[in-house]
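Owing to the predicted nature of the structure, the values given are computational and were not obtained by experimental measurement. Order of appearance sets the numbers: ligands from 1, and atoms from 1 within every ligand.
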Amino acid sequence: MKDASPIQPTAKYRKDYAAPSYTITSVDLRFNLHETATQVIATSQLKALGCDDTLELQGEQLVLKGITVNGSQWSDYEEKEGALILSNLPTEFELVITTETNPKANTALEGLYMSGGAFCTQCEAEGFRRITYFLDRPDVLAKYTTTVEADKAAFPFLLSNGNKIAQGDTSNGRHWVTWQDPHPKPSYLFALVAGDFDQLVDTFTTRSGNQVALEIFVDKGNLSRAEHAMLSLKNSMKWDEERFGLEYDLDIYMIVAVDFFNMGAMENKGLNVFNSKFVLADQDSATDADYLGIEAVIGHEYFHNWTGNRVTCRDWFQLSLKEGLTVFRDQEFSSDLGSRAVNRVNNVSVIRGPQFAEDASPMSHPIRPEKVIEMNNFYTVTVYEKGSEVIRMIHTLLGESKFQAGIKLYFERHDGTAATCDDFVAAMQDASGVDLSQFKLWYSQSGTPIVTVKDHFDEQAQTYSLTIAQHTPETATQKDKQPLHIPFDIELYDDKGDVVPLIINEKQQPSLLQLTQASHTFVFENIKHKPTPSLLREFTAPVKLEYDYTEAQLVLLMKCATNEVARWDATQSLMGLYIKQMVESGQTVALSDKVLEALRSILTDKQADKALIAEALLPPPYNEVSGWYEQVDVDAILTALDALRLDIATNLEPQLKAVYLSLSAQQYDISHQSMARRKLRNVCLRYLSRTGNYDEEIKAQFESSDNMTDSSGALIAANTETVSVREQLMQAFSDKWSDNGLVMDKWFVLQGQYPSIQALDKVKAALDHSAFSMQNPNRVRNLIGGFIGNPYAFHAKDGSGYRFTGEMLAKLNESNPQVASRLIDPLLKFARYDDQRKALMKKELETLRGNPNLARDLFEKVEAALK
Ligand code: 7MF
Ligand code: ZN
């Protein structure tokens, strides 16, 4: 007999949205927590929305124990794969469903599971259906009351959303707590945590005088590491009041840090659950980047309270409604508190690297997807980061005050409801009077627009014309593309580097041009000499810019552009010119004296922000450069990047050394100035390490450092074949930190990223390290993810990198498909590589496709790639 063929996962389409047959107005949940068998009794009040008397509830991995309708046993139901269908129901009724789950066996970390010794939940997007049968969709908003019972000694804290309204002990050493959340919410915002923690408490008084209790729960012994998270939370609450006029709306805000978590954090109402990576920090164990990450993620989750929770999404196709907007808000928060330019530079790099790559891949999708098989696959850089760029473009087009008027109208119209991206744009348009009808295409059109600029100086007429054309190449699932509404900021400079006014028809123009057609020509008057244009300043739109800059023009912009981001961008373009020449010719091209001189003056600039100097000295990374080519020549790109870095290191050695020494360690603090000094110092050390002559300095920094930024900075500098002390330092680090998984992640990622094919052996050895666990997503992402993102080893010509990746994905497919799915992306891009690599990559995808137990997460991506 033949095996039954596995059920093919089915797709859902945005156009098929329909309201449910019933809604749930309130639900009372009772959890009797036991590690291997937890009983959940869900009592829901339901109301028909139309005349359909059947109800389809979602449920997965549940054991059904009983159903009653209005107090009587109900037998008119059918249990299907992933669903429970009830028929012949009254128009209003009380439904009681009793189910059982096994939290300890739940390695997917979705629904109710164990992290360390604690129970915790993760419900976004569709995890609540692993807790009970429910209308697990974001347009069903219910009031929740939750009672949690567990062993008192092992689980002294029993937490859920909202306010604690009752508690008590039971006879057998157990206890219980009842929580009530007054705000109706969708099921994805439900949370429950039970465990033993240390608790950091504080308060925040809102603008209108309400006292909010702030509580951060961490593993025992980690209390002092939660201070920065608490400070970031208070800063977030204050910032949202000042910049957006938004106040917190409950009397308590709790954050729990857990070690086993698939993603960064989760905005559950009143009870955020965080990956401990984004809560725990101290001088010894966290880098400056970790501190900034905590601030951003604490902010992000807090800002969701309005953009996500008070106004939620009608359906998951609208995910960018809350995520794009909340990323925009967390970026603005970080920019207002810290360096705006450095934040912008980092955000732009994410768009130009991973986002452009995703948009050119088989999984390319608009920020509002049209078709989804597994929703977890759409928590992407496109939905989040490009989504934020789309909000930023609206902000650029409207200006701050009209943008805030739009936000206000959006909340007036949609507070307490589930809304769509169209609703958001309509509020922005109605409040501002700015026509956004063409702009809305950014929500439905995928792919990266290419904006091509040609210029012409007419000496006779003293005019300078810019012809700006846009074109979006076709993407995997979308052929026809239309012109978009693109805000395009420019400036012109004369030979001395002074700004030339923009005059058209004798009138001074704003620097912001608006492109709406396939091509525009702007003729600027009263221009004496051919100027240098500064284009797409501040990256006002997520597009690829094509303009044939000369080296001299870019050097001028590097030195003279009024805008810090534009100066950084000129440096990136200049290095890009050399990288392209080297890749095309297959030969080393030495940087010209003018370029070296310009780099030296940036490096030794006393005025500029040192963090920005550090960013400007680094060439665009491999993931960005590979996106410049339709056919990727891995070896040529890596050779070019190595040659460029060595050229800079060799020619700037005296200055790099002088700056390195001048920035020697000071009294440690996390002011922006101190972080910037450490950043530049470590970039200098990394360049110097390439010469092979700085092993002593690397070792000295590692041994004398009093903070993790400088310790790991030394390790990063050592992580190359040319440094002899690498193994010695790695061993010392592992000896010191082997019982701290979060710190060991810094070590695991360096094994994965070792820039040579030898990374494979290092990674295989590290799989056996006592601190590694295939069950912990952070460990997996750093070690295996580090390897997959390492082009030297992942793209090894013999296919060993692909083979290893395929093996790891097959393992993770069984235990945690969501984590597997986040790692597979580089493999999907096989079509862009040479024939030999293409065949080897494809073979791994085909092997996965043949796996009869392939999870929906990987299935969707593998199918898209092989189609
Ligand atoms: C900052 O968006 C930016 C993005 C979903 C889980 C957190 O709040 C979230 C959750 C994923 C990917 C990135 C982020 C989050 C998730 C995130 C976190 C901080 N609603 Br998946
Ligand atoms: Zn979010």
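Within H300, NE2 is the N, O or S atom that lies nearest to the Zn ion (ligand 2).
Between E110 and R129 no salt bridge is recorded (no basic side-chain N to carboxylate O distance below 4.0 Å). Electrostatic pairing of R137 and E126 does not count as a salt bridge here, judged by no charged N lying under 4.0 Å from a carboxylate O.
A ring-centre distance under 6.0 Å is not found for W306 and Y410. Between F204 and Y253, the ring centre distance reaches or exceeds 6.0 Å. Annotation: F190 is in aromatic contact with F31 [ring centroid separation under 6.0 Å]. Taking the six-membered ring for Trp and the full ring otherwise, F217 and F157 have centroids separated by under 6.0 Å.
Around the Zn ion (ligand 2), the two atoms OE1 of E323 and NE2 of H304 are separated by an angle of 100°, to 10 degrees.
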Q: Determine, step by step, whether T475 and S446 satisfy the side chain to side chain donor-acceptor pair (under 3.5 Å) criterion, reporting the C-alpha distance in whole Å, the side-chain angles of both residues, the deciding distance to 0.1 Å, and the verdict.
A: CA-CA 7 Å; T475 49; S446 60; 2.9 Å; yes
Do any nitrogen or oxygen atoms of ligand 1 lie under 3.5 Å from a protein nitrogen or oxygen, and which ones?
{"unit_1": "ligand 1", "atom_1": "2 (O)", "unit_2": "H300", "atom_2": "NE2", "d": "3.3"}
{"unit_1": "ligand 1", "atom_1": "2 (O)", "unit_2": "E323", "atom_2": "OE1", "d": "2.9"}
{"unit_1": "ligand 1", "atom_1": "2 (O)", "unit_2": "E323", "atom_2": "OE2", "d": "3.0"}
{"unit_1": "ligand 1", "atom_1": "2 (O)", "unit_2": "Y384", "atom_2": "OH", "d": "2.6"}
{"unit_1": "ligand 1", "atom_1": "8 (O)", "unit_2": "E267", "atom_2": "OE1", "d": "3.0"}
{"unit_1": "ligand 1", "atom_1": "8 (O)", "unit_2": "H300", "atom_2": "NE2", "d": "3.3"}
{"unit_1": "ligand 1", "atom_1": "8 (O)", "unit_2": "E301", "atom_2": "OE1", "d": "2.7"}
{"unit_1": "ligand 1", "atom_1": "8 (O)", "unit_2": "E301", "atom_2": "OE2", "d": "2.9"}
{"unit_1": "ligand 1", "atom_1": "8 (O)", "unit_2": "H304", "atom_2": "NE2", "d": "3.2"}
{"unit_1": "ligand 1", "atom_1": "20 (N)", "unit_2": "E124", "atom_2": "OE1", "d": "2.5"}
{"unit_1": "ligand 1", "atom_1": "20 (N)", "unit_2": "E267", "atom_2": "OE1", "d": "2.6"}
{"unit_1": "ligand 1", "atom_1": "20 (N)", "unit_2": "E267", "atom_2": "OE2", "d": "3.3"}
{"unit_1": "ligand 1", "atom_1": "20 (N)", "unit_2": "K322", "atom_2": "NZ", "d": "3.4"}
{"unit_1": "ligand 1", "atom_1": "20 (N)", "unit_2": "E323", "atom_2": "OE2", "d": "3.0"}

